[in-house]
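Down below is the structure, laid out as structure tokens.
The residues of the chain are indexed from 1 along the displayed sequence.
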Amino acid sequence: MTSDSATSHAGSPGDADDRTGRAGAEPENVAPGRARQNTIYRAGVSGITPTVPTSAEKLEAAARRALLRRPGGRKAWAYVYGGAGSGVTMSANREALDRRRLVPRVLRSTDQRDLSTQVLGQTLPAPVLVAPIGAAGLVRRDADVHIGRAAAERGLPYILSSQGSSPMEATAAAMKDGPRWFQLYWSRDEQLVDSFISRAEAAGAGALVVTLDTTTLGWRPWDLDLGSLPFTRGVGIAQYTSDPRFAEMVADRVAREAAAGAGTDPDAVKVTPKAVVTLLEMARNHPGAFRRNLTAPETRAAVQTFLDTFSNPALNWDHIATLRDRTRLPVVLKGVLHPEDAQRAFDMGVDAVMVSNHGGRQVDGSIGTLDALVRIREAVGPEPTLLLDSGIRNGTDVVKAMACGADAVTIGRPHIYGLAIAGQQGVGEVLDNLLAEIDLTLSLCGASSWDDVDASLLA
């Protein structure tokens, strides 16, 4: 990072050790909101403005421009931005947050603030986790490594996706001691499920997040109208192609197809120039040498095996009941929207529920997540751990969610927008800006810690 950049990580945990002894460094007691403002305004004196916009709307627009300038960017933008159907659920997420109004209190000393919180016995510097985003490799190669490093520098947990574009071991190594969780898509193959869980434990995951709302893909016009699914090009299947059980499944498939002979492949596609481009992308995304991948049957077989097995419409409560015998990790169920489902989960001994509608990408016309969170909190009481996913765009959203009963939130599309604009540095800036706005909003509402935040702050 250059010394004249307005994008330094002032106020982040990773900067704590070098704040003293540097010209212009912030004192130790400067809160993240003020520190981030100072960094940006100081650079502004020299005419340097942030590369990554600080408002949610401008951030989204800048990411769109950045992606559409690149080859394949239209498909990448459709996948990252698009939702299910007409996008009503994405709107519902925002409407539920925007409908709530904060009522700031005054004359309460807030010069000393603490954003930290406890989630599943883990101390977080702020109630924020970096959400799993499948196929982020559409936006930038080694996306998960870049995101993981940026999250780790700030001490924020990154939830590694089953549909990641880097093997979990590579991301974990890049994050060093940074906290990470693992999101599990429950495959049709139980041995593969066990292999993923075992690898997540070995990679130092602090929790297992089981996604429940994607037992099949929702109706996504943004992708459908382009005929685009990243997995068909080998993007977002790195957890699978790096897995020993999956390698066995691919080898079995190759052997069956070889035994069946040429001309009997039910998955054969029409050969067109675009099909050739797809093969090139498969070969590029498959582990190993590119030239070998072009002709090796495993390249295409891996994609087909993934498509046949990655989701499991038969997933039910009986599967969840097996987890206590399969993992020592805390279990989080992601995709819960109904109070009865949340209560049943806690009755089964699940450690936390993540209230999520998959960012509006699965069911069009679904309830907004903050509305669902309020109903669930009323049903389960104050003690169980509830996390909010889907719709969070800024620091004010985080304060509102906490006032409504969330224990923490996840940030999704915004950090991918930062990735699109400026790679790892862009992710970091999005997180820095979010933490800064949380800090300032907390202070301006008359709160010094999350103990001061409850429904009394809402109109």
Side-chain angles (χ1 to χ4, degrees), residues 1-12 14-15 32 36-37 39-44 46-83 90 94 128-154 156 158 161 164-166 171 174-175 222 230 235-236 359 391-395 397-398 410-438:
M1 187 180 305
T2 58
S3 60
D4 64 347
S5 171
T7 57
S8 64
H9 300 145
S12 69
D15 284 340
R36 184 66 180 151
Q37 288 176 324
T39 296
I40 294 173
Y41 290 142
R42 194 161 45 235
S46 301
I48 302 168
T49 57
T51 302
V52 176
T54 60
S55 80
E57 296 78 14
K58 290 182 179 179
L59 174 67
E60 181 181 287
R64 182 178 184 272
R65 289 194 300 270
L67 284 176
L68 293 184
R69 285 196 295 264
R70 303 175 192 170
R74 188 180 175 200
K75 292 179 179 178
W77 177 249
Y79 187 80
V80 170
Y81 173 80
M90 290 194 296
R94 284 308 316 166
V128 174
L129 299 95
V130 181
I133 303 290
L138 287 170
V139 175
R140 195 172 289 262
R141 289 191 69 82
D142 300 319
D144 299 274
V145 169
H146 296 308
I147 297 165
R149 282 178 179 152
E153 286 174 0
R154 290 149 186 86
L156 300 175
Y158 176 36
S161 173
S165 296
S166 300
T171 305
M175 294 181 69
W222 282 73
V235 180
I392 298 294
R393 293 293 177 269
N394 53 53
D397 292 342
V398 177
T410 66
I411 186 75
R413 286 183 177 93
H415 80 259
I416 295 297
Y417 295 161
L419 183 73
I421 297 167
Q424 179 180 322
Q425 179 175 304
V427 176
E429 290 198 34
V430 167
L431 297 177
D432 286 341
N433 293 341
L434 180 70
L435 295 174
E437 190 176 5
I438 292 171

*State the CE-CD distance between M175 and E153, to the nearest 0.5 angstrom.*
10.5 Å

*Around R70, counting heavy atoms of other residues, nucleotides and ligands shown, do more than 12 lie under 6.0 Å from its CZ?*
yes

*E437 bridged to R393 by N-O distance under 4.0 Å*: no

*Can you tell me if T410 uses its side chain to pair, donor with acceptor, with the backbone of A131 under 3.5 Å?*
no

*Considering all heavy atoms, the nearest A66-A420 contact*: CB-O, 3.7 Å

_A174 versus V145, closest heavy-atom pair with distance_ = CB-CG1, 3.6 Å

*For the pair D144 (side chain) and S165 (backbone), establish whether a donor and an acceptor sit closer than 3.5 Å, ignoring hydrogens and angles.*
yes

_Short side-chain to backbone donor-acceptor contact, R36 and D432, under 3.5 Å_ = no

*Contact check, side chains of L67 and L138, non-hydrogen atoms, under 4.5 Å*: no

_To check you understand the geometry: which heavy-atom pair defines the closest contact between V430 and P414, and what is its length?_
CG2-O, 3.6 Å

_Using every non-hydrogen atom in the two residues, find where G395 and I438 come nearest and quote the distance to one decimal._
CA-CG1, 3.6 Å

_Testing the basics here: between A436 and P32, what is the closest heavy-atom pair and its distance to 0.1 Å?_
CB-O, 3.8 Å

*Could you tell me the separation between the CD1 atom of I416 and the CZ atom of R140, rounded to the nearest 0.5 Å?*
11.0 Å

*Check whether any side-chain heavy atom of I133 sits under 4.5 Å from a side-chain heavy atom of S161, and report yes or no.*
no

*Between W222 and Y79, does a ring pair (Phe, Tyr, Trp, His ring centres under 6.0 Å) hold up when you go through it step by step?*
CA-CA 7 Å; W222 282 73; Y79 187 80; over 10 Å; no

*Taking all non-hydrogen atoms of both residues into account, name the closest pair between G391 and D397 and its distance.*
O-OD2, 3.8 Å

*How long is the span from the CE atom in M90 to the OH atom in Y81, to the nearest 0.5 Å?*
5.0 Å

*Measuring from Q37:CD to R42:CZ, what's the distance to the nearest 0.5 Å?*
12.0 Å

_Spacing of D142 atom CG and R149 atom CZ [to the nearest 0.5 Å]_ = 8.5 Å

*Taking the side chain as every heavy atom from C-beta outward, state whether V398 and L434 have any atom pair closer than 4.5 Å.*
yes

*Donor-acceptor pair, R141 side chain versus G137 backbone, under 3.5 Å?*
no

_Once rounded to the nearest 0.5 Å, what's the spacing between atom CG of L59 and atom CD1 of I421?_
5.0 Å

*Mark yes when over 12 heavy atoms from residues, nucleotides or ligands other than R94 sit less than 6.0 Å from its CZ; otherwise mark no.*
yes

_Within the 4.5 Å heavy-atom criterion, are V80 and Y417 side-chain neighbours or not?_
yes

_Check: H146 side chain, A143 main-chain N or O, donor-acceptor pair, under 3.5 Å_ = no

*Are E60 and R65 close enough that some pair of their side-chain heavy atoms sits under 4.5 Å apart?*
no

*Side chain to side chain, L156 and L129, heavy atoms closer than 4.5 Å*: no

*Side-chain heavy-atom pair L68, W77 within 4.5 angstrom cut-off*: yes

